[in-house]
Amino acid sequence: MKDKQVYCNQCRKEISLSGQEDFFHGSKAWGYFSKKDLMQDEFYLCEDCYDHMISQFQIPVCRTERKEVL
């Protein structure tokens, strides 16, 4: 993914892949019994847009602290 340009799907900000910032990558392969049979959705969100999106949730995100990064 080093050579690929990635943009936040919400605000269109270019996301740096140099490791200087983090981002959310969402991917969903839809199966049978959905309205999107066999489709694949993929998107990126910068940290600010991710924070805004989850602030709208009726049930908060379950967040745990990790002890180390692998």
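Worth saying up front: this structure is predicted, and the values here are computed from it rather than measured. Values below: every heavy atom of this structure, side chains too, minus hydrogens, waters and symmetry copies.
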Atom pair CG/CD1 of Asp22 and Ile15 - distance to nearest 0.5 Å: 9.5 Å
Verify same cluster id: Leu45, Ile54 (apolar side-chain graph, 4.5 Å): yes
N/O donor-acceptor pairs under 3.5 Å from side chains in residues 56-64, not counting sequence neighbours:
unit_1, atom_1, unit_2, atom_2, d
Gln56, NE2, His52, NE2, 3.4

Closest non-hydrogen atom pair between Cys8 and Cys46, with its separation: SG-N, 3.3 Å
Smallest separation among heavy atoms of Leu38 and Tyr32, with atom names: CD1-OH, 4.0 Å
Atom pair CZ/CD of Phe43 and Gln10 - distance to nearest 0.5 Å: 10.5 Å
Over all atoms of both residues, closest heavy-atom pair of Tyr7 and Tyr44: O-CB, 3.7 Å
All pairs passing salt bridge (Lys or Arg N to Asp or Glu O under 4.0 Å) where residues 6-20 contributes a residue, at least two apart: Lys13-Glu21
Residues, nucleotides or ligands: over 12 heavy atoms within 6.0 Å of Met39 CE: no
Qualifying residues under side chain to side chain donor-acceptor pair (under 3.5 Å), relative to Asp41, sequence neighbours excluded: Trp30
